[in-house]
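Read the structure below first, then the notes.
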Amino acid sequence: MESNKPLSGVKLRILIVGLVLLLAAVTLIIVWATVVWDYPVAKIAGTNISKQEMEMFVSANKGYVQSELMIKYSLDASAFDWNARYGGVTAKDYLVDYCLKNAVKTKVIQHYCKQYGVTENIDFKHFQKLYEQYLNKNGEYGANQMSLYSYYNSQTSQQKALLERHLQQNVIKIGEAEGRAYWQLMKEQSGNPDDFAPFESDPQNWINAAASYAIENWFAEKEQSAKTEIKILSGMKFVKI
């Protein structure tokens with residue numbers, strides 16, 4: 001019976017090299033899978049949209065876009081094809097464009113929340129963790145639970161409220177004189193000036209009204225600018241339509 005012999009130096013080096021290469025290959029596969037699974041696929045207002053996030057937008061808007069295209073081009077469901085061109089654009093590209101434009105409001109909120117330090121938690125993974133906690137906490141509601149998309153929009157609304165408060169307190173400051181001028185203008189343009197009477201006595205009402213108007217315009221300006229700078233990244237090809 002042949003006794004066990006220690007590996008020669010050459011064989012040992014070959015074994016080590018093989019193990020290193022195998023480890024490198026496994027690491028590469030894991031990294032590649034991670035990148036493909038949640039790779040940034042677009043950028044709006046300087047803020048990334050991840051693959052999973054984009055697929056959430058697609059899932060939420062896919063039915064509406066298909067219905068819109070079918071009505072516009074008089075198509076039956078059996079004739080509709082996401083790879084077909086309608087009006088010079090493939091249905092798939094039309095859907096992506098629609099989703100990105102509808103994501104502008106959200107991404108503007110997230111971008112400025114982070115810029116002004118209102119919140120650092122704008123990454124989609126953060127929303128997913130919160131949603132998992134919501135599902136675990138409200139499991140008894142079953143089918144009545146919010147979808148991820150609805151929960152995402154709910155969280156975004158909360159972030160917007162915090163951002164609006166920050167803007168009014170630190171960025172868009174309205175004084176009493178400016179508030180009074182805006183209030184008077186709205187009263188004059190209103191068809192029911194008597195509606196303003198119950199709130200006339202408190203100058204803070206004038207200030208709040210003027211601030212809300214200014215903040216609304218601020219958001220509109222930021223959103224319009226963001227729409228002109230939407231960037232589709234190479235990772236978009238991995239998004240499931």
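Given the structure is predicted, the values throughout are model-derived calculations rather than measurements.
Between F80 and A91, the closest heavy-atom pair is CZ-CB, 3.8 Å. Minimum interatomic distance between I174 and E178 (heavy atoms only, all atoms of both residues): CD1-OE2, 3.5 Å.
If you look at Y149 and F127, their ring centroids are not closer than 6.0 Å. The aromatic ring centroids of Y152 and Y131 lie 6.0 Å or more from each other. A centroid separation of less than 6.0 Å is found between the aromatic rings of Y182 and Y213.
With sequence neighbours left out, Q128 forms a side chain to side chain contact (heavy atoms under 4.5 Å, CB included) with Q52, F124, K125.
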Worksheet item: Going through the distances and angles, do E223 and K107 end up as a salt bridge (charged side-chain N to carboxylate O under 4.0 Å, His left out)?
Response: CA-CA 9 Å; E223 289 165 11; K107 289 301 166 181; over 6 Å; no
Item to complete: Take K240 and E55 through the test salt bridge (charged side-chain N to carboxylate O under 4.0 Å, His left out) and record every step on the way to the result.
Response: CA-CA 6 Å; K240 296 178 182 178; E55 287 179 345; 5.5 Å; no
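Under the 3.5 Å distance criterion, the side-chain polar atoms of S212 are matched with a main-chain donor or acceptor of N208. Looking at S157, its side chain does come within 3.5 Å of a backbone N or O of N153 through a donor-acceptor pair. For the pair Q145 (side chain) and N138 (backbone), a donor-acceptor distance under 3.5 Å is present. The closest donor-acceptor contact from the side chain of N205 to the backbone of F199 lies under 3.5 Å. Between the side chain of K51 and the backbone N or O of M236, no donor-acceptor pair lies under 3.5 Å. In this structure, H111 contributes its side chain and A45 its backbone to a donor-acceptor pair below 3.5 Å. Between the side chain of D76 and the backbone N or O of S78 there is no donor-acceptor pair closer than 3.5 Å.
The number of heavy-atom neighbours closer than 6.0 Å to NZ of K222, taken from other residues, nucleotides and ligands shown, is above 12.
Here the NZ-CG distance, from K92 to D81, works out to 9.0 Å after rounding to the nearest 0.5 Å. Annotation: the span from L163 atom CG to Q158 atom CD amounts to 13.5 Å, rounded to 0.5 Å. If you take CD on Q159 and CD1 on I122, they are separated by 8.0 Å, rounding to the nearest 0.5 Å. A distance of 11.5 Å separates NZ in K227 from OG in S225, rounded to the nearest 0.5 Å. Taking CD from Q66 and CG from N61, the interatomic distance works out to 13.0 Å, rounded to the nearest 0.5 Å. Expressed to the nearest 0.5 Å, how far CG of N217 lies from CD1 of I172 amounts to 8.5 Å.
Within the 4.5 Å cutoff, no side-chain heavy atoms of Q168 are placed close to those of R165. Looking only at side-chain heavy atoms (C-beta outward), L233 and V41 stay at 4.5 Å or farther from each other. Side-chain contact between K72 and Y86 is absent, with no heavy atoms from C-beta onward closer than 4.5 Å. When side chains are defined from C-beta on, F219 counts as touching L167, because their heavy atoms get closer than 4.5 Å. By the 4.5 Å heavy-atom criterion applied to side chains, L162 and T119 are not counted as neighbours. Side-chain contact between S50 and Y39 is absent, with no heavy atoms from C-beta onward closer than 4.5 Å. Side-chain contact between I49 and K43 is absent, with no heavy-atom pair separated by less than 4.5 Å.
Between the side chains of E132 and N136, no donor-acceptor pair is found at a separation under 3.5 Å. Judged by distance alone, the side chains of W183 and E200 do bring a donor and an acceptor atom under 3.5 Å apart. For the residue pair K187 / Q184, no side-chain donor-acceptor distance below 3.5 Å is found, with atom types taken as modelled. A donor atom on one side chain and an acceptor atom on the other are found under 3.5 Å apart for D93 and T90.
Both the sub-6.0 Å distance and the 45° axial angle are not jointly satisfied by K62 relative to the ring of F57.
Residue L75 is grouped with residue V65 when hydrophobic side chains (ILVMFWY) are merged at heavy-atom distances under 4.5 angstrom, including chains of intermediate members. Both I230 and I109 are members of a single hydrophobic cluster when ILVMFWY side chains are connected at heavy-atom separations under 4.5 Å. Taken together through direct or relayed side-chain contacts under 4.5 Å among Ile, Leu, Val, Met, Phe, Trp and Tyr, L185 and I215 form parts of separate hydrophobic clusters.
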Which donor-acceptor pairs under 3.5 Å do the side chains of residues 94-103 make with protein atoms, sequence neighbours left out?
unit_1	atom_1	unit_2	atom_2	d
Y94	OH	E68	OE2	2.3
D97	OD2	K101	NZ	3.3
N102	ND2	Y98	O	2.8

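With respect to H166, the ring-ring contact (aromatic ring centres under 6.0 Å, His included) criterion is satisfied by exactly one of Y112, W218, Y116: Y116.
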